[in-house]
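The analysis underlying the following values was restricted to heavy atoms, covering all of them including side chains, and did not include hydrogens, waters or symmetry mates. Residue numbers start at 1 and run along the sequence shown.
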Amino acid sequence: MSKRTNSHPTNELAESHFFWLSVLRAARGIDDVFLEEFALRRLRELGTRVVFDCESKSEPSSHEGNR
């Protein structure tokens, strides 16, 4: 019986931007707020900034004062 070499793929995944983006997408798809915040925090730690379309667009009324 041959021994298997353990390459620790979990460590590689923990440092992968693509993995955490996938987790983030899945969390948003099932409305899991806890997992979404965790993935966003992990991505920030890895130096990746995530901006969603719905967050980047501002309403026109928010820039104009009520005069």
Side-chain angles (χ1 to χ4, degrees):
M1 219 159 135
S2 64
K3 291 185 178 181
R4 292 185 181 182
T5 312
N6 191 358
S7 62
H8 301 289
T10 8
N11 292 339
E12 292 174 16
L13 285 178
E15 300 299 320
S16 170
H17 300 266
F18 297 118
F19 172 75
W20 289 110
L21 286 169
S22 298
V23 170
L24 177 60
R25 183 172 184 225
R28 287 179 62 91
I30 60 171
D31 295 325
D32 187 332
V33 177
F34 175 77
L35 186 56
E36 181 179 344
E37 288 298 319
F38 187 81
L40 283 169
R41 185 173 52 245
R42 188 69 187 118
L43 284 164
R44 275 193 301 271
E45 291 170 359
L46 292 171
T48 301
R49 182 173 176 239
V50 178
V51 178
F52 300 102
D53 284 343
C54 59
E55 296 172 353
S56 65
K57 297 177 184 175
S58 58
E59 297 178 19
S61 62
S62 65
H63 291 294
E64 298 175 4
N66 294 331
R67 296 181 190 170

Can you tell me how far the CG atom of Leu21 sits from the OG1 atom of Thr48, to the nearest 0.5 Å?
6.5 Å
Side chain to side chain contact (heavy atoms under 4.5 Å, CB included) against Ser16, all qualifying residues, sequence neighbours excluded
Phe18, Phe19
May I have the list of side-chain donor-acceptor pairs in residues 37-47 shorter than 3.5 Å, sequence neighbours left out?
| from | atom 1 | to | atom 2 | distance (Å) |
| --- | --- | --- | --- | --- |
| Arg42 | NE | Ala14 | O | 3.4 |
| Arg42 | NH1 | Glu45 | OE1 | 2.9 |
| Arg42 | NH2 | Ala14 | O | 2.9 |
| Arg42 | NH2 | Glu15 | OE2 | 3.0 |

Phe52 side chain reached by Leu24 side chain, heavy atoms, under 4.5 Å:
yes
Across all chains, not counting sequence neighbours, the side chain to side chain donor-acceptor pair (under 3.5 Å) partners of Ser22 are none
